[in-house]
A.B. asks: 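Below: one structure in structure tokens.
In the text below, chain A, chain B and the rest are named by the order of the sequence lines, each starting its count at 1.
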Amino acid sequence: MEIAKSYNPKEAEENHYRIWEERGCFAPEINENPDARTFSIVIPPPNVTGNLHMGHALQHTLMDTLTRWKRMQGFRTLFLVGVDHAGISTQLMVTRQIKKDEHKTPQDLGREEFTRRVWDWKNKYGDTITNQIRREGLSADWTRERFTMDESLSKAVREVFVRLYEENWIYRGTRIVNWCPKDKTVLSDLEVKEDKKKDGKLYFLQYPIANSDRKITVATTRPETMLGDTAVAVNPEDERYRDLIGATIELPLTNREIKIIADEYVESEFGTGAVKITPAHDPNDYEIGERHNLEKLVVMNDDATMNEAAGADFAGLDRYKARDLVIEKFEELGLLEKIEDYEVVLPVCERCKTVIEPLLSEQWFVKMDEMRDLALNLMREENSPRFFPEVPHRKVYTTWLENLKDWTISRQLWWGHQIPAWYDEAGNVFVARTKEEAIEKAGSENLTQDQDVLDTWFSSALWSFSTLGWNGEVTETEDLRMFHPTDVLVTGRDIIFLWVSRMVMTALKFVGEKPFSDVIIHGTVLDKNGQRMSKTKNNGIDPLDVFDKYGVDATRMTLADSATGTDFAWRDEKVESFRNFANKIWNATRFCLLNSDGAQVDYSYLNPKAEAQEIVRELKGELNELDEEDEEFLDKVDPIFAKDNPKENLSVADRWVISRLNKTALAVNKALETYQFHEAVQLLYHFFWDDFCDWYIELVKDKITSEEPNVARDAARSRILTIIEQSLRLLHPFMPFLTEELWGKLPNVSNELHNAAYKSAEQTIMLADYPCGDASLIDERAEAEMQAVIDLISKVRNIRAEMNIKPSDKPAIHVAANAEYQNIFAQNEAQILKLARAESLNLSESLDVPKASAKAVIAGAEIAVPLEGLIDFDKEIARLEAQLTKLEIEATRLNGQLGNANFVERAPTEKVEEIRNRVAEIETQTGALKLNLEALK
RNA sequence: GCCGACUUAGCUCAGUGGUAGAGCACUCGCUUCACACGCGAUAGGUCACAAGUUCAAAUCUUGUAGUCGGCACCA
């Protein structure tokens with residue numbers, strides 16, 4: 001067989017994905033079992049404008065690993081993918097492009113033409129990220145791919161809006177909102193981030209009191225807003241100002257007069273204890289304004305320039321120019337008391353980083369109190385969703401819900417779901433699913449639709465069920481019945497509020513059930529210095545580059561190897577080690593294939609009992625009353641499993657590796673059940689590399705490379721191939737491409753190895769049965785015996801290395817042990833001689849060797865390697881003393897424990913017994929070492 | 001201000017009451033017929049610090065220091 005010397009990921013990645021998709025392997029319909037349990041997962045929809053980043057790669061790896069694992073277990077799986085329309089980002093991107101190409105603004109084109117252009121852009125470039133997702137190997141059902149602007153999903157959005165409005169859970173109102181003057185749209189609280197500015201200033205402005213020569217000083221970080229002041233507030237308890245309450249201020253730079261009012265909100269200790277109140281430009285001032293019936297004077301335009309209400313001197317000025325001018329004028333008037341340096345925290349737009357302007361405006365809101373209670377009750381009553389890791393996310397989630405404010409859902413954009421509200425000429429609002437319905441409600445055809453669109457997250461909130469066909473008109477579909485609630489959501493911390501919580505609320509409200517059972521919150525991939533990756537820092541690592549350099553499988557392993565929920569610093573060395581692992585798997589398989597004549601993949605080489613059970617099943621048809629015909633039945637089975645049957649005739653090493661394999665399979669499944677991906681990765685890595693490659697292959701190498709065909713050789717070859725086949729299946733959810741590539745090269749693999757649900761599908765490892773591990777094949781005795789052999793070989797190798805014995809020199813090995821251990825070593829003599837590179841193995845009850853021997857002790861045996869003329873006595877003494885010291889330190893500690901009456905009395909008896917045994921073992925070994933040392937001195 | 005997490009080998013990280021682990025890097029030795037992306041053998045840690053609970057603490061409790069995150073406030 002031709003097989004390359006090293007693994008080339010590119011070829012495998014290009015071929016297999018296309019084939020899997022073409023054959024429909026990703027679609028749940030591939031599962032033929034009508035009673036199959038289902039497993040479903042929906043992707044957190046990335047932005048249609050987006051590019052794949054490491055966070056996606058991590059998230060997608062975890063989702064796909066779970067999906068592939070469940071699929072192999074025979075679940076009817078759905079991994080649903082799609083993208084969202086990313087209102088602001090997409091509109092900005094297309095706006096920029098039109099400006100560049102045609103020197104036009106969206107307004108020049110008009111709404112209809114502009115949205116057409118956005119669709120053009122989407123159709124042309126919108127599949128960038130989905131193609132990148134294919135590259136990752138995600139086993140997603142592309143026939144069910146969704147987009148938040150799809151007709152049915154849009155219909156769902158309108159339906160939800162109308163119903164919430166009808167129940168008064170959506171309302172329109174005038175509030176202080178977060179306004180981005182660059183994007184010219186309102187933003188929800190969650191889309192506003194903070195930016196610390198060390199070089200901020202606090203300005204102290206003096207306001208003259210009317211009919212008096214007194215002044216009151218207010219402190220502010222935004223002097224320009226004083227043009228919109230409609231009061232100054234002080235704390236009613238503040239002695240300094242008590243007599244001024246109710247006094248009139250002649251507001252400088254304006255010809256307005258404002259009052260001094262008293263409000264508990266003001267903290268006397270802060271600043272001057274007097275606060276200028278600008279109800280139209282500050283959320284707290286707005287509250288005070290409401291309490292005191294203050295005028296709400298808007299002095300800014302939507303682009304953060306001052307408007308006419310700010311006065312002729314200021315109208316048209318940018319907010320920062322206006323600030324300078326206000327200060328200049330105050331200085332001229334002698335009313336600028338001082339300017340202090342002050343660290344300010346500015347709210348900025350998450351996307352464009354422009355400083356947010358709090359602005360009084362009319363918007364649509366979702367009232368969150370009842371919505372919130374739906375989610376809180378679900379958590380209280382069913383502890384759902386379950387967060388992984390539970391700490392801290394469960395608490396963060398519930399605390400956030402408890403303090404939730406109403407959600408601003410309108411956006412001043414053209415790209416998105418236009419709000420289904422129409423106005424008649426009198427300004428009356430009619431919320432309806434369609435214009436026709438609105439006309440009917442209004443009794444008039446002269447209606448104009450609300451110009452705004454809905455927050456993208458409003459449509460994402462419906463993702464778990466709108467993607468499965470729910471749109472208000474259609475509320476029951478086969479997909480909903482089968483796949484909703486989904487099983488697990490995998491997402492990042494930053495999206496718990498924006499998306500996770502809102503999906504919970506809307507699913508409960510509209511489908512009457514939770515959207516998912518479990519939520520995995522994965523960690524953040526940091527750069528190698530532990531810094532967050534960001535465009536501004538330009539320290540991002542492009543997953544596509546990593547795929548090119550190390551392969552997709554190695555990248556997936558690297559990502560899956562991070563502890564669930566924990567941030568980790570990206571290290572190229574780590575991907576490299578998994579690239580090496582992939583190559584190791586490739587070469588181990590290659591080696592076995594180069595020696596595979598006469599061999600076949602056959603699970604009964606690992607588990608003869610399974611074959612016996614299979615025969616039992618087959619014979620059951622003939623032997624209806626099995627119990628009564630035991631003797632006759634056993635006669636039929638026994639000859640097949642006679643002692644000379646190669647499937648039955650297992651060596652210690654065979655039983656050892658089979659035990660290790662099954663322990664690994666059991667533990668991997670257990671780890672995946674609790675989303676401990678890194679645990680599974682570590683188990684597979686160490687089983688395959690350490691147990692299987694470093695020991696088992698080496699132990700059976702002579703046998704399987706034998707030129708001469710015989711039953712024992714072919715059995716060994718079959719066994720090793722079968723272990724590889726099992727390992728590839730175990731690894732497949734993590735390393736889909738490599739495992740598929742190799743699996744297809746093994747002799748006698750076919751769709752017969754598929755899970756029962758996929759028997760008639762074309763052969764592929766992704767539909768093979770996932771090994772669940774067989775506890776009955778765990779053989780502790782074989783593991784203990786094999787450990788003794790490994791220890792013996794390791795000690796001899798150690799002696800060889802320390803004593804600088806040339807590889808070509810083959811010393812004799814003398815071992816003193818009891819009959820049981822002698823027997824174990826005798827059974828493995830050939831392997832011991834080969835792996836320790838020794839001439840002979842001499843077993844006896846006690847050692848009788850020349851003084852010039854290197855010695856070692858292991859549990860149950862003493863080892864000596866005679867090294868006439870080769871031994872360096874000083875070095876040997878140092879070696880033995882090092883071993884002795886190690887053991888004595890341990891003995892001191894353990895004897896200390898045993899000497900403690902409280903320990904012996906209170907610790908569990910097994911523990912005490914264990915330590916006594918260990919002390920006895922150490923005594924034997926130290927005794928031997930001391931005698932050896934004596935002999936050398 | 002409130003809540004929370006983290007601190008373990010040179011680096012990146014596992015490890016929730018019973019002998020401190022991995023990968024990488026380091027040191028030494030190997031062109032051993034699958035693999036130098038390899039094989040073999042070493043070395044390396046007061047588990048941040050302090051007190052407490054316990055027969056027993058990296059692990060539980062409290063405090064301290066440092067790092068980071070979320071929320072709130074920010075005149």
Side-chain angles (χ1 to χ4, degrees), chain A residues 3 5-7 194 200 202-204 218-222 225 232-233 265-267 270-278 282 284-285 342-347 389 391-393 395-396 399-400 403 493-494 496-497 524 526 528 530 532 550 554 558 561-563 565-574 576-595 676 678-679 682 685-686 693-694 697-698 701 705 793-794 797-802 804-808 834-835 837 889-890 893-894 897 900-908 910-912 914-915 918:
Chain A
I3 176 164
K5 245 187 127 177
S6 64
Y7 174 50
E194 288 181 347
L202 188 59
Y203 303 88
F204 290 75
V218 295
T220 179
T221 55
R222 297 195 301 150
T225 63
V232 167
Y265 161 78
V266 181
E267 288 172 41
F270 195 94
T272 64
V275 186
K276 59 188 277 308
I277 303 298
T278 325
D282 182 283
N284 293 306
D285 293 7
Y342 190 72
E343 186 181 312
V344 290
V345 181
L346 297 173
V391 177
H393 300 113
K395 192 175 170 186
V396 169
T399 308
W400 181 78
N403 299 301
R493 270 191 287 277
D494 52 338
I496 297 177
F497 307 144
T524 308
L526 308 169
K528 65 177 196 283
R532 281 188 115 84
Y550 301 102
T558 305
D561 190 44
S562 65
T566 309
D567 295 353
F568 65 100
W570 180 266
R571 314 235 92 212
D572 275 352
E573 296 93 315
K574 192 163 166 177
E576 210 174 298
S577 76
F578 283 112
R579 191 262 326 254
N580 296 349
F581 181 56
N583 194 50
K584 187 74 181 176
I585 297 168
W586 177 269
N587 272 292
T589 309
R590 174 170 182 264
F591 171 70
C592 295
L593 289 174
L594 293 173
N595 296 286
Q676 303 291 308
H678 68 291
E679 181 72 21
Q682 291 296 319
Y685 185 95
H686 287 115
C693 290
D694 286 349
I697 290 185
E698 296 303 331
K701 205 171 220 175
T705 52
I793 293 168
S794 297
R797 283 170 170 177
N798 174 241
I799 289 169
R800 296 187 65 104
E802 298 276 331
N804 300 320
I805 298 170
K806 282 187 279 182
S808 50
K834 179 177 162 72
L835 299 185
R837 298 185 146 262
I889 289 169
E890 194 184 342
R893 186 170 48 78
L894 297 180
Q897 282 190 326
N900 182 342
N902 277 327
F903 172 72
V904 180
E905 212 172 288
R906 299 194 197 182
E910 313 89 77
K911 181 49 66 182
V912 177
E914 189 185 316
I915 289 182
R918 178 66 189 150

A.B. asks: When the P atoms of rC24(B) and rG52(B) are considered, how many whole Å apart are they?
C.D. replies: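 Comparing P positions in rC24(B) and rG52(B) gives a spacing of 42 Å.
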A.B. asks: So does D567(A) pair up with R493(A), basic N to acidic O under 4.0 Å?
C.D. replies: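 Yes.
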A.B. asks: Any N or O donor-acceptor pair under 3.5 Å from the base of rC73(B) to the side chain of E194(A)?
C.D. replies: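 In this structure, the two groups form a donor-acceptor pair.
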A.B. asks: Using a heavy-atom cut-off of under 4.0 Å over every strand shown, decide if V345(A) touches base, sugar-phosphate, or nothing.
C.D. replies: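 It contacts base atoms.
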A.B. asks: Looking at rG38(B), I'd like to know if its phosphate oxygens (OP1 or OP2) sit under 4.0 Å from a side-chain N or O belonging to N583(A).
C.D. replies: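 So the side chain of N583(A) is outside the cut-off, no N or O lying under 4.0 Å from OP1 or OP2 of rG38(B).
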A.B. asks: Considering only the C1' atoms, how many Å lie between rG29(B) and rA20(B), rounded to the nearest integer?
C.D. replies: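 Going atom to atom, C1' in each nucleotide, I get 28 Å.
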A.B. asks: Just checking L202(A): base, sugar-phosphate only, or nothing, at a heavy-atom cut-off of under 4.0 Å?
C.D. replies: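 It contacts sugar-phosphate atoms only.
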A.B. asks: Are K701(A) and F591(A) in a cation-pi setup, meaning NZ or CZ lies under 6.0 angstrom from the ring centre and within 45 degrees of the ring axis?
C.D. replies: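 Yes - K701(A) lies over the ring of F591(A), closer than 6.0 Å to its centre and within 45° of its axis.
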A.B. asks: For rC74(B), does either OP1 or OP2 sit under 4.0 Å from a side-chain N or O belonging to N284(A)?
C.D. replies: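 Yes, such a contact exists.
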A.B. asks: Nucleotide by nucleotide, 5' to 3', does protein get under 4.0 Å of the base (B), only the sugar-phosphate (S), or neither (-) in nucleotides 7-15 of chain B, counting heavy atoms?
C.D. replies: ----SSSSS
A.B. asks: Does the side chain of Y685(A) get closer than 4.0 angstrom to OP1 or OP2 of rG21(B) through an N or O atom?
C.D. replies: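 No, Y685(A) has no side-chain N/O under 4.0 Å of OP1/OP2 on rG21(B).
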A.B. asks: Are the aromatic ring centres of Y685(A) and F578(A) under 6.0 angstrom apart?
C.D. replies: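 Yes: the rings meet the under 6.0 Å criterion.
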A.B. asks: With a 4.0 Å limit, can you tell me whether K395(A) has a side-chain N or O closer than that to the phosphate oxygens OP1/OP2 of rG4(B)?
C.D. replies: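 The answer is yes; a side-chain N or O of K395(A) sits under 4.0 Å from OP1 or OP2.
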A.B. asks: Can you tell me whether the side chain of K5(A) and the base of rA34(B) have a donor-acceptor pair closer than 3.5 Å?
C.D. replies: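 By the distance-only test, no, there is no pair.
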A.B. asks: Write out the stems for RNA chain B, ordered by first number and formatted as range with range, counting runs of at least 3 consecutive Watson-Crick or G-U wobble pairs under 3.5 Å.
C.D. replies: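 If one scans RNA chain B for consecutive Watson-Crick or G-U pairs, the stems found are B:1-7 with B:65-71, B:10-13 with B:21-24, B:27-30 with B:38-41, B:48-52 with B:60-64.
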A.B. asks: Could you work out, with ring-ring contact (aromatic ring centres under 6.0 Å, His included) as the rule, every residue matching F568(A), not counting sequence neighbours?
C.D. replies: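 F568(A): no ring-ring contact (aromatic ring centres under 6.0 Å, His included) contacts found.
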A.B. asks: Scan T221(A) against the nucleic acid and name what it touches under 4.0 Å (heavy atoms): base, sugar-phosphate only, or nothing.
C.D. replies: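 Here T221(A) touches the backbone only, sparing every base.
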A.B. asks: Can a side chain N or O of K584(A) be found less than 4.0 Å away from OP1 or OP2 on rC39(B)?
C.D. replies: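 Yes, K584(A) has a side-chain N/O under 4.0 Å of OP1/OP2 on rC39(B).
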